[in-house]
Amino acid sequence: MPVKEFSLRVPASCRPGDEHKTQRAFSESVEEYVEGIFRLQNEVDRVSTGEIAVYMCVSAGSATSMVKKLAELGLVEHAPYQGIRLTEFGEKVAKQLTRAHRIIERFLVDHLELPWNDVHELACKLEHYIAEDIIDRIDEKLGHPTTCPHGNLVNPDAPDPSVRLQDAKAGMLKVFRISDERVEFLQHLEELGLKPGVVFEATGSSQIDSLIHLKIAGKPTTVGKQVSRHVRVVPA
């Protein structure tokens, strides 16, 4: 029986075996650590391996091993008693990933109508596999949004006028951005009515237990450290 001729072939990046896969400069794991350290640098003065371990939900040993690898790749600097900082190259990689992440989140919420509080994890996966030129095209189609659905700046170098709620003066405030994007935390904020753009009143605080008293849509409520640290505000 004669063999029929055909010219159909699977694209190179879809073929079995790692040797034909689309190549990236770094693995997904390396990129996640770099992006994580970048986020931590904006939260604490000096990033430690312990803080990286907590943030990445890994053991201290795993975090230490990865930090050594990142240093070998020229992505971080680690000096004893001075903490861990991204190098200039590491910051460039982190900012590219952060921008991609936030544009993807915007697309998922605005065009696919996914819940604003449940797109962070999906964006974490997609950001590693969408080329920068495609991200640029998505950004253009979206009209160049300035923030993600959680209020965080798409351009990591843009000036951030916000302060933590715990550091804000009493009075009328507006939610600017939310730094903790875990789905359970965002769901909690949604229940409270604290979404980006919402105006509310900070009526006072308790120094002993770090509670802050608010009035949201006319309803009195009290929040603790987790909310007051990760909700960032500007004067309304």
Side-chain angles (χ1 to χ4, degrees), residues 18-19 21-105 118-132 134-135 147-148 150-160 162-164 166-167 177-186 225-232:
D18 293 336
E19 68 275 15
K21 294 291 182 183
T22 301
Q23 296 297 308
R24 290 181 66 88
F26 305 107
S27 68
E28 179 179 343
S29 180
V30 165
E31 289 183 343
E32 278 295 329
Y33 269 88
V34 169
E35 190 177 8
I37 293 170
F38 181 68
R39 286 172 177 262
L40 286 170
Q41 283 183 183
N42 294 322
E43 290 292 319
V44 298
D45 293 331
R46 292 186 294 184
V47 180
S48 68
T49 53
E51 286 162 335
I52 293 172
V54 170
Y55 179 83
M56 298 300 295
C57 298
V58 299
S59 68
S62 295
T64 299
S65 297
M66 180 56 80
V67 167
K68 290 180 180 178
K69 181 176 182 178
L70 296 178
E72 292 170 359
L73 292 170
L75 295 166
V76 302
E77 295 175 341
H78 185 199
Y81 309 109
Q82 295 183 22
I84 299 153
R85 301 246 359 139
L86 293 173
T87 61
E88 183 177 346
F89 176 46
E91 284 209 0
K92 180 181 178 181
V93 173
K95 288 175 181 179
Q96 288 175 339
L97 288 166
T98 299
R99 174 176 177 266
H101 180 100
R102 292 172 179 171
I103 289 173
I104 290 168
E105 285 185 326
D118 196 19
V119 292
H120 178 69
E121 185 175 343
L122 180 54
C124 279
K125 296 297 181 183
L126 294 175
E127 69 190 31
H128 303 289
Y129 300 101
I130 301 179
E132 191 172 5
I134 303 300
I135 292 294
T147 67
C148 76
H150 315 116
N152 294 300
L153 297 164
V154 168
N155 177 6
D157 290 322
D160 182 354
S162 68
V163 298
R164 294 187 178 99
Q166 66 187 19
D167 299 324
R177 68 182 183 90
I178 301 163
S179 59
D180 187 339
E181 297 176 294
R182 292 175 299 165
V183 59
E184 59 271 20
F185 183 68
L186 295 175
K225 287 184 179 180
Q226 191 75 0
V227 171
S228 64
R229 179 177 180 84
H230 294 293
V231 172
R232 301 187 64 110

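Reckoned from all heavy atoms, side chains included, excluding hydrogens, waters and symmetry mates.
Residue His101 holds its NE2 atom at 5.0 Å from CD of Glu181, rounded to the nearest 0.5 Å. In this structure, NZ in Lys69 is found 9.0 Å from CD in Glu72, a value given to the nearest 0.5 Å. Gln82 CD to Arg46 CZ: the interatomic distance, rounded to the nearest 0.5 Å, is 7.5 Å. Note that the CD1 atom of Ile103 and the OG1 atom of Thr98 stand 11.0 Å from one another [nearest 0.5 Å].
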- Given the rule in the side-chain contact (heavy atoms from CB on, under 4.5 Å) test, do Ile37 and Arg85 qualify, once you have shown the distances and angles that lead to the verdict? CA-CA 8 Å; Ile37 293 170; Arg85 301 246 359 139; over 6 Å; no
- Message: With salt bridge (Lys or Arg N to Asp or Glu O under 4.0 Å) as the criterion, how do Lys125 and Glu28 come out once you've worked through the C-alpha distance, each side chain's angles and the decisive distance to 0.1 Å?
- Response: CA-CA 8 Å; Lys125 296 297 181 183; Glu28 179 179 343; 3.6 Å; yes
- Message: Let's go through Val119 and His150 carefully: what are the C-alpha distance in whole Å and the side-chain angles of both, what is the deciding distance for side-chain contact (heavy atoms from CB on, under 4.5 Å) to 0.1 Å, and is it a yes or a no?
- Response: CA-CA 10 Å; Val119 292; His150 315 116; 4.2 Å; yes
- Query: Are Asp160 and Arg177 close enough, and set up right, to give a side-chain contact (heavy atoms from CB on, under 4.5 Å), and what steps lead you there?
  - Reply: CA-CA 10 Å; Asp160 182 354; Arg177 68 182 183 90; 2.7 Å; yes
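In this structure, the side chain of Thr87 engages the main chain of Leu75 through a donor-acceptor pair within 3.5 Å.
Put simply, the side chain of Ile104 reaches to within 4.5 Å of the side chain of Ile135, judged on heavy atoms. Within the 4.5 Å cutoff, side-chain heavy atoms of Glu35 are placed close to those of Glu127. No side-chain heavy atom of Lys95 sits under 4.5 Å from any side-chain heavy atom of Arg99. By the 4.5 Å heavy-atom criterion applied to side chains, Glu121 and Val183 are not counted as neighbours. At least one side-chain heavy atom of Leu97 sits less than 4.5 Å from a side-chain heavy atom of His128. For the pair Glu43/Glu51, no side-chain contact is recorded, criterion being any heavy-atom separation below 4.5 Å from C-beta on.
Aromatic ring pairs are classed by plane angle as parallel below 30°, tilted from 30° to 60° and perpendicular above 60°; the pair Phe89 and Phe26 is tilted.
The two atoms that bring Phe38 and Ala94 nearest to each other are CB-CB, 3.5 Å, heavy atoms only. For Ile178 against Asn152, the heavy-atom pair with the smallest separation is O-ND2, 2.9 Å.
Between Lys92 and Glu88 there is no salt bridge, since no side-chain nitrogen of the basic residue lies less than 4.0 Å from a carboxylate oxygen of the acidic one.
Residue-environment remark: CZ (Arg164) exceeds the threshold of 12 foreign heavy atoms within 6.0 Å.
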